K.L.:
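What follows is a single structure, and I will ask about it in a moment.
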Amino acid sequence: MSAGTDQERPRVPHDSAALTAWLTTLVRNREYGILAELRRAKGGTNAHIRAGWYGGDDHRDLFERVAFLFAIYHQGRSTPSYGHGSLGAAARRIGDGTGRGPDNPGAQRLLNRVVASRRIPWRHLQHAVTRLRACEQPPPSWTGLTEDLINWNDRKARVAYGWSVEFHTPPARGRETKNEPTTRKDTTT
């Protein structure tokens with residue numbers, strides 16, 4: 001290959017929505033063998049390679065690892081979950097009857113370990129996904145998680161900080177919104 005060939009070849013971009021669509025189709029079509037391949041942490045299987053295709057030239061490994069997390073969550077499930085919210089919002093759902101999210105010491109410790117990491121904390125992310133599955137709570141948005149992890153080291157994106165804020169944000173009260181005043185009628189008059 002000449003030096004000019006590299007410049008002529010167009011860069012292949014990533015497509016996290018397409019990865020999520022492919023993964024959810026595997027669950028919907030009950031492709032349990034492929035999902036089992038994705039649960040192999042070491043990777044290198046045909047399923048991992050296919051997941052990496054969606055990562056384009058720059059994010060193949062990251063997409064393979066997100067596919068692994070997806071397969072861990074969906075083990076034994078026949079209905080796919082696209083998830084919703086960030087990992088911080090999802091971590092608010094971790095817990096039991098004694099407390100969830102910030103009211104659950106285990107959820108707090110787990111999120112603290114995730115957001116304290118300089119490199120992507122794959123082992124802690126796996127633990128978070130496993131805990132969500134065990135609590136029968138929806139996962140984070142798989143597409144959003146992929147995009148957040150792509151931007152993990154971008155100081156302007158502040159992914160870890162955003163996850164922490166969403167984890168600790170108190171739940172909304174009643175019908176009040178940011179644009180409505182919080183005045184209430186006095187019921188004693």
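What you are looking at is a predicted structure, and each value in this text was computed from that prediction instead of being measured.
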K.L.:
Is there a side chain to side chain contact (heavy atoms under 4.5 Å, CB included) between His14 and Glu147 once you walk through the steps?
P.N.:
CA-CA 10 Å; His14 71 275; Glu147 291 298 321; 3.0 Å; yes

K.L.:
Scan the side chains in residues 109-131 for donor-acceptor partners under 3.5 Å anywhere in the protein, sequence neighbours excluded, and list what turns up.
P.N.:
{"from": "Asn112", "atom 1": "ND2", "to": "Gln108", "atom 2": "O", "distance (Å)": "3.2"}
{"from": "Ser117", "atom 1": "OG", "to": "Arg113", "atom 2": "O", "distance (Å)": "3.0"}
{"from": "Thr130", "atom 1": "OG1", "to": "Gln126", "atom 2": "O", "distance (Å)": "2.8"}

K.L.:
Please identify each residue that fulfils side chain to side chain donor-acceptor pair (under 3.5 Å) with Thr24, with sequence neighbours left out.
P.N.:
Tyr82

K.L.:
Passes side chain to side chain contact (heavy atoms under 4.5 Å, CB included), Ile94 versus Arg100? Steps please.
P.N.:
CA-CA 5 Å; Ile94 293 174; Arg100 293 195 182 277; over 6 Å; no

K.L.:
Which distance, rounded to the nearest 0.5 Å, do you find between the CG of Leu38 and the CG of Leu26?
P.N.:
7.0 Å

K.L.:
Mind listing the closest non-hydrogen atom pair of Ala51 and Phe63 along with its distance?
P.N.:
O-CB, 3.5 Å

K.L.:
Has the side chain of Asp96 got a donor or acceptor atom that lies under 3.5 Å from a matching backbone atom of Thr98?
P.N.:
yes

K.L.:
For Asp154, is the CG atom crowded, meaning more than 12 foreign heavy atoms sit under 6.0 Å from it?
P.N.:
yes

K.L.:
Do you know the tightest heavy-atom contact between Ser81 and Pro139?
P.N.:
OG-CD, 3.1 Å

K.L.:
Taking only residues two or more places apart in sequence, or in another chain, which ones meet Ala36 in a side-chain contact (heavy atoms from CB on, under 4.5 Å)?
P.N.:
Arg39

K.L.:
For side chain to side chain contact (heavy atoms under 4.5 Å, CB included), just list the numbers for Thr146 and Leu149, CA-CA rounded to whole Å, side-chain angles, deciding distance to a tenth of an Å, and then say yes or no.
P.N.:
CA-CA 5 Å; Thr146 304; Leu149 295 176; over 6 Å; no

K.L.:
Report yes if some heavy atom in the side chain of Pro140 is under 4.5 Å from a heavy atom in the side chain of Leu132; otherwise report no.
P.N.:
yes

K.L.:
Applying side chain to side chain contact (heavy atoms under 4.5 Å, CB included) to Arg50 and Trp22, what does each step give before you reach the verdict?
P.N.:
CA-CA 10 Å; Arg50 177 135 186 226; Trp22 176 64; 3.1 Å; yes

K.L.:
If Ile, Leu, Val, Met, Phe, Trp and Tyr residues are connected whenever their side-chain heavy atoms lie under 4.5 Å apart, and connections chain through other members, are Trp53 and Leu19 in the same group?
P.N.:
no

K.L.:
Would you please say whether a donor-acceptor pair under 3.5 Å links the side chains of Thr143 and Ser16?
P.N.:
no

K.L.:
Kindly list each side-chain donor-acceptor pair under 3.5 angstrom involving residues 155-170, sequence neighbours excluded, with atom names and distances?
P.N.:
{"from": "Trp163", "atom 1": "NE1", "to": "Asp148", "atom 2": "OD2", "distance (Å)": "2.8"}
{"from": "Glu166", "atom 1": "OE1", "to": "Ser86", "atom 2": "OG", "distance (Å)": "2.2"}
{"from": "Thr169", "atom 1": "OG1", "to": "Val165", "atom 2": "O", "distance (Å)": "2.5"}

K.L.:
Looking only at heavy atoms, what is the nearest atom pair of Gly44 and Ile49, with distance?
P.N.:
O-CD1, 4.1 Å

K.L.:
Fit a plane to each ring of Trp142 and Phe70, take the angle between them on a 0 to 90° scale, and name the class: parallel (under 30°), tilted (30 to 60°) or perpendicular (over 60°).
P.N.:
perpendicular

K.L.:
Atom CG of Leu69 and atom CG of Leu145: how far apart are they, to the nearest 0.5 Å?
P.N.:
6.5 Å

K.L.:
For Asp61, check salt bridge (charged side-chain N to carboxylate O under 4.0 Å, His left out) against everything at least two apart and list the hits.
P.N.:
Arg65

K.L.:
Are His74 and Arg133 close enough that some pair of their side-chain heavy atoms sits under 4.5 Å apart?
P.N.:
no

K.L.:
Any side-chain heavy atom of Cys135 within less than 4.5 Å of one from Arg93?
P.N.:
no

K.L.:
Once you round to the nearest 0.5 Å, how far does CD1 of Ile34 lie from OG1 of Thr45?
P.N.:
9.5 Å

K.L.:
Can you name the residues that form a side-chain contact (heavy atoms from CB on, under 4.5 Å) with Ala18, not counting sequence neighbours?
P.N.:
Asp15, Tyr54

K.L.:
Taking His48 for the side chain and Ala67 for the main chain, is one N or O donor matched with an acceptor at less than 3.5 Å?
P.N.:
no

